[in-house]
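Because the structure is a prediction, the values reported are computed rather than measured. Letters A, B, ... mirror the listed sequences (proteins, then strands); counts begin at 1.
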Amino acid sequence: MPADPLAGLNDRQREAVEAIDGPLLIVAGPGSGKTRVITHRIAYLIGRAGVSPYRIAALTFTNKAAREMQSRLFGTSQDDSAAPLLGWRLRSSGLAVGTFHSFCARLLRTDGEVMGLDRNFAIYDAADQTAAIKRAMAEAGVDFKAFSPGAVLSIISKAKSELVGVEGFGLRKENYLDEIAHRVYEQYEQMLAQSSALDFDDLLFKTHTLLNKFPRVAEKYQDRYVHFMIDEFQDTNVAQYAIARSIAKRHNNLVVVGDPDQSIYSWRNARVGNILSFQQDFPTAKVITLDESYRSTSTILDAATKVISPNSQRIERSLWTNNGVGSPIVVREEYNEEDEAQYVVREVYRLSRAEGFALGDIAVMYRVNAQSRALEEACRRFGVAYQIVGGIKFYQRREIKDVAAYLRLVSNPHDDVALDRVINVPTRGIGQRTVDNLTRAARDRGSSMYAAIESLSEPGGGPFSLRPAQAQALTRFRELIGRLNEESRTLDLVELIDAVLEQTGYRRHIEESAETKERGEERLDNVQEFRGSAREFTHLGIEEALTAFLEGVSLVSDVDSFEDQPDALTLITLHQSKGLEFPVVFMVGMEEGLLPHSRSMDTPEEIEEERRLCYVGVTRAQKRLYLLRAFRRGFWGGSGPSDPSRFLEDIPRKLIEGATPSEAPEKPAAQTVAPPARPARRRPATNGGGEARPAVERARRRVRGRREAEPAAPAAAYATGDKVRHPAFGDGIVMSCTPSAGDFQLTVAFKEGHGVKRLLLSFAPLEKLG
DNA sequence: AATTAGGCATTTTTT
DNA sequence: ATGCCTAATT
């Protein structure tokens with residue numbers, strides 16, 4: 001029997017559940033019962049307001065969040081701890097609970113044909129995208145030593161996320177890098193179309209296009225979705241918001257839930273602005289703030305509030321809790337990374353021995369993955385069980401991607417990225433030269449690579465000439481894929497995978513090619529696991545099964561597969577920790593350069609995001625919070641001293657354990673020693689504290705100033721992307737600017753055939769433009 | 001085709 | 001230090 005959708009809610013939550021008419025913004029602080037509100041609201045709509053589940057969509061960002069929501073709504077087969085809000089039978093009632101991307105994928109598969117989309121389009125994940133971009137760069141004649149594929153990809157991805165297509169991008173490009181990106185973009189789009197493939201951004205972009213260009217499709221969805229909800233709204237990008245507005249247009253029941261203070265994915269093109277401007281876009285929107293935290297102690301909550309409040313881009317509010325004061329926050333400095341890790345692990349051990357915490361209650365959070373190494377070592381040394389979240393990604397393993405690529409080829413032989421990946425794995429005598437020829441031939445005929453191979457056997461021998469051995473090898477590969485495709489019609493998915501493994505020789509290949517026996521077995525095990533996960537699709541027709549299975553492979557990552565692990569300490573990045581909570585949280589690396597990260601302190605906006613990241617970390621903690629830093633941290637083999645994170649200074653001393661004046665931050669004193677000009681690390685204006693450290697610290701810093709050997713070089717004044725002019729080479733774009741022996745080395749890409757030059761700042765007569 | 005040596009960069013990564 | 005990629009070597 002379904003539970004009462006209003007039971008156990010506080011006034012605000014109840015209000016949010018009952019406000020079923022018109023646009024609604026729910027600003028939900030950490031631990032304020034956000035998911036609860038969404039699920040109860042759905043139950044309320046169905047159970048009390050008589051809305052058909054078919055007319056409701058609730059979109060999340062992660063599969064994990066979607067799963068969580070589903071299990072609260074429908075219950076799960078194993079876990080019946082909480083009564084489901086709805087019955088099992090509603091599972092297949094048409095209620096759309098899923099990620100934005102899977103929602104769009106479904107929409108496009110259902111209705112994309114009117115815009116010429118292949119029903120079985122492939123979905124390119126990040127790795128496929130990179131591979132495709134590299135191919136596109138090669139096609140466009142762009143040297144990817146001078147331009148990193150990653151940088152180009154991120155420009156294109158940003159454009160797509162802002163609904164800027166190739167043409168639009170052409171109109172707004174503003175520097176040389178954009179020029180390059182434009183050429184690649186054009187090529188890349190052509191390749192995707194050729195391959196019947198969509199990348200992650202396309203799932204959104206094309207959905208938006210479909211809804212805008214095809215009114216009948218738009219009407220269908222506008223009619224259907226009387227209620228449209230979005231979770232984690234602070235992380236939506238332009239495209240997602242536009243899609244939501246488009247679909248919600250008719251019934252105007254758009255509900256967005258989020259917390260601008262937890263927006264930490266702007267570098268993935270998320271727009272904090274969406275949540276901040278929602279009220280302008282929907283002037284009639286009701287706004288409900290959930291500010292009671294059920295998660296953290298008041299000490300932790302106070303610290304979090306103090307950390308976040310300097311930000312300017314936020315909706316002012318104050319969180320509160322009835323949870324009591326709890327333990328003070330522990331702030332510590334250790335000598336180096338190893339000591340820091342050792343302290344953490346010792347303390348973890350103590351907490352689990354003497355204070356009744358389970359290892360699974362404890363998480364250690366860090367800014368960059370590299371920080372996990374020292375922690376892992378310490379765990380191993382002390383025999384503490386640990387798990388790294390998102391460390392090894394199953395679907396990103398080579399053997400899995402290879403087998404998936406074969407399946408993709410069987411499903412759609414025109415998938416060039418898949419073909420490129422496996423055409424010579426295992427080796428079939430098809431070398432790079434042959435692949436290049438093939439690529440060129442495909443481009444010339446405006447077809448996929450597979451189709452280009454097919455044309456070999458046409459009268460006239462096809463449009464490109466190859467030595468017989470190569471032509472034969474290609475033809476045999478084509479026959480292999482063709483045969484598998486034929487056979488697939490009589491097989492189920494698992495049988496097809498077996499056929500692929502045998503007929504392509506891939507099984508033997510991984511057994512033989514692995515560096516060691518164990519590694520070979522491990523890979524085979526992975527493939528077996530992959531095969532096992534295909535079992536749930538065997539009841540479907542092969543074509544449908546393939547599409548669904550491959551979509552899962554692309555769209556489902558396994559970041560969250562850690563949750564059901566046995567009792568172990570969790571090591572996790574701050575980014576990944578969002579949405580989680582732990583009784584005990586250690587944040588390590590609370591240093592300038594790490595948090596905020598040195599690559600994210602150039603603009604106030606970046607600093608604000610780092611601050612939010614810190615806030616997210618702090619608010620993961622329920623009962624205990626430890627903030628650690630190392631005085632000396634190893635970077636790239638070397639090691640340098642570090643300053644405490646500016647965020648530490650925002651935490652009031654009274655919340656910190658054993659705080660004494662010499663340990664706790666004090667109000668900024670007059671700057672007796674002016675810090676030397678630091679060309680490499682521009683301190684943004686938001687660093688309000690300046691030299692807010694006690695004398696001992698300051699002394700240390702002065703010594704350090706010398707050790708860092710930051711010279712009185714000309715101010716670095718150049719950043720990547722700056723336009724410069726050189727008397728001999730003309731105009732160019734700064735590709736990079738790195739400190740180098742008392743100077744700065746600039747890599748500059750010049751126009752008009754002068755190419756890329758490396759220049760020393762102090763010698764090069766450069767002039768900054770614009 | 002497979003192995004090896006040298007060069008290079010190295011934040012975060014829901015989908 | 002380390003891993004990844006390319007180029008050179010066998």
State whether [X] places a side-chain N or O below 4.0 Å from either non-bridging phosphate oxygen (OP1 or OP2) of [N].
X: N369(A); N: dT13(B); value: yes
X: R373(A); N: dA1(C); value: no
X: Q576(A); N: dT12(B); value: no
X: S148(A); N: dA9(B); value: no
X: N63(A); N: dT15(B); value: yes

Pick the [atom1] atom in [N] and in [M], then give their distance to the nearest Å.
N: dT13(B); M: dC4(C); atom1: P; result: 16 Å
N: dT11(B); M: dT6(C); atom1: C1'; result: 25 Å
N: dT14(B); M: dG3(C); atom1: C1'; result: 26 Å

query = Less than 6.0 Å separating the ring centroids of F549(A) and F530(A)?
reply =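 F549(A) vs F530(A): aromatic centres under 6.0 Å.
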inquiry  = I want to know whether Y241(A) and F233(A) have ring centres closer than 6.0 Å.
reply    =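 So the answer is yes for these two rings.
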Taking any heavy-atom pair under 4.0 Å as a contact, classify [X]: base, sugar-phosphate, or nothing.
X: D125(A); answer: nothing
X: S600(A); answer: base
X: G579(A); answer: nothing

key: Residue closer to the 5' end of DNA chain B, F100(A) versus E609(A) (nearest nucleotide)   =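 Looking at the nearest nucleotide for each, E609(A) comes out on the 5' side.
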ask   = When you match K578(A) and R428(A) each to their closest nucleotide on DNA chain B, which lands nearer the 5' end?
value =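 Between the two, 5'-proximity favours R428(A).
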query = With sequence neighbours left out, what residues match D339(A) under side-chain hydrogen bond (donor to acceptor under 3.5 Å, both in side chains)?
reply =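 Expected list: none.
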What's the [atom1]-[atom2] distance between [X] and [N], to the nearest Å?
X: Y265(A); N: dT11(B); atom1: OH; atom2: P; result: 16 Å
X: E605(A); N: dT12(B); atom1: CD; atom2: P; result: 22 Å
X: Q129(A); N: dT15(B); atom1: CD; atom2: P; result: 14 Å
X: H575(A); N: dT13(B); atom1: NE2; atom2: C1'; result: 8 Å
X: K64(A); N: dT14(B); atom1: NZ; atom2: P; result: 12 Å

Polar side chain donor-acceptor pair, [X] to [Y], under 3.5 angstrom:
X: E232(A); Y: Q234(A); result: yes
X: D415(A); Y: Y124(A); result: yes
X: N120(A); Y: S411(A); result: no

Give every pair of a protein N or O atom and an N or O atom of nucleotides 7-10 of chain C that lie under 3.5 Å apart, one pair per line with the distance.
unit_1, atom_1, unit_2, atom_2, d
dA7(C), OP1, K145(A), NZ, 3.3

request  = Would you check if W267(A) stacks with the base of dT12(B), given a 5.5 Å centroid limit and a 30° plane limit, both strict?
outcome  =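 Yes, W267(A) stacks on the base of dT12(B).
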key: Aromatic ring of H101(A) stacked on base six-ring of dT15(B), 5.5 Å, 30°   =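 No, aromatic ring not over the base.
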inquiry  = For K160(A) and D199(A): C-alpha separation, side-chain torsions, deciding distance, then whether salt bridge (charged side-chain N to carboxylate O under 4.0 Å, His left out) applies.
reply    = CA-CA 10 Å; K160(A) 285 190 177 189; D199(A) 65 19; 2.8 Å; yes
query = Does the dT12(B) base have a donor-acceptor partner in the side chain of R268(A) within less than 3.5 Å?
reply =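 Counting by modelled atom types and ignoring angles, no donor-acceptor contact under 3.5 Å is found here.
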What's the closest nucleotide to the [X] side chain, out of [options]?
X: T573(A); options: dT11(B), dT13(B), dC5(C); result: dT13(B)
X: V368(A); options: dT12(B), dT14(B), dC5(C); result: dT12(B)
X: R599(A); options: dT14(B), dT12(B), dT10(B); result: dT10(B)
X: T427(A); options: dA2(B), dC5(C), dT11(B); result: dA2(B)

query = Who passes ring pair (Phe, Tyr, Trp, His ring centres under 6.0 Å) against Y506(A), sequence neighbours left out?
reply =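 So Y506(A) forms a ring pair (Phe, Tyr, Trp, His ring centres under 6.0 Å) with H509(A).
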query = Is a donor on one side and an acceptor on the other found under 3.5 Å between the side chain of S642(A) and the backbone of A630(A)?
reply =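 Checked: pair present.
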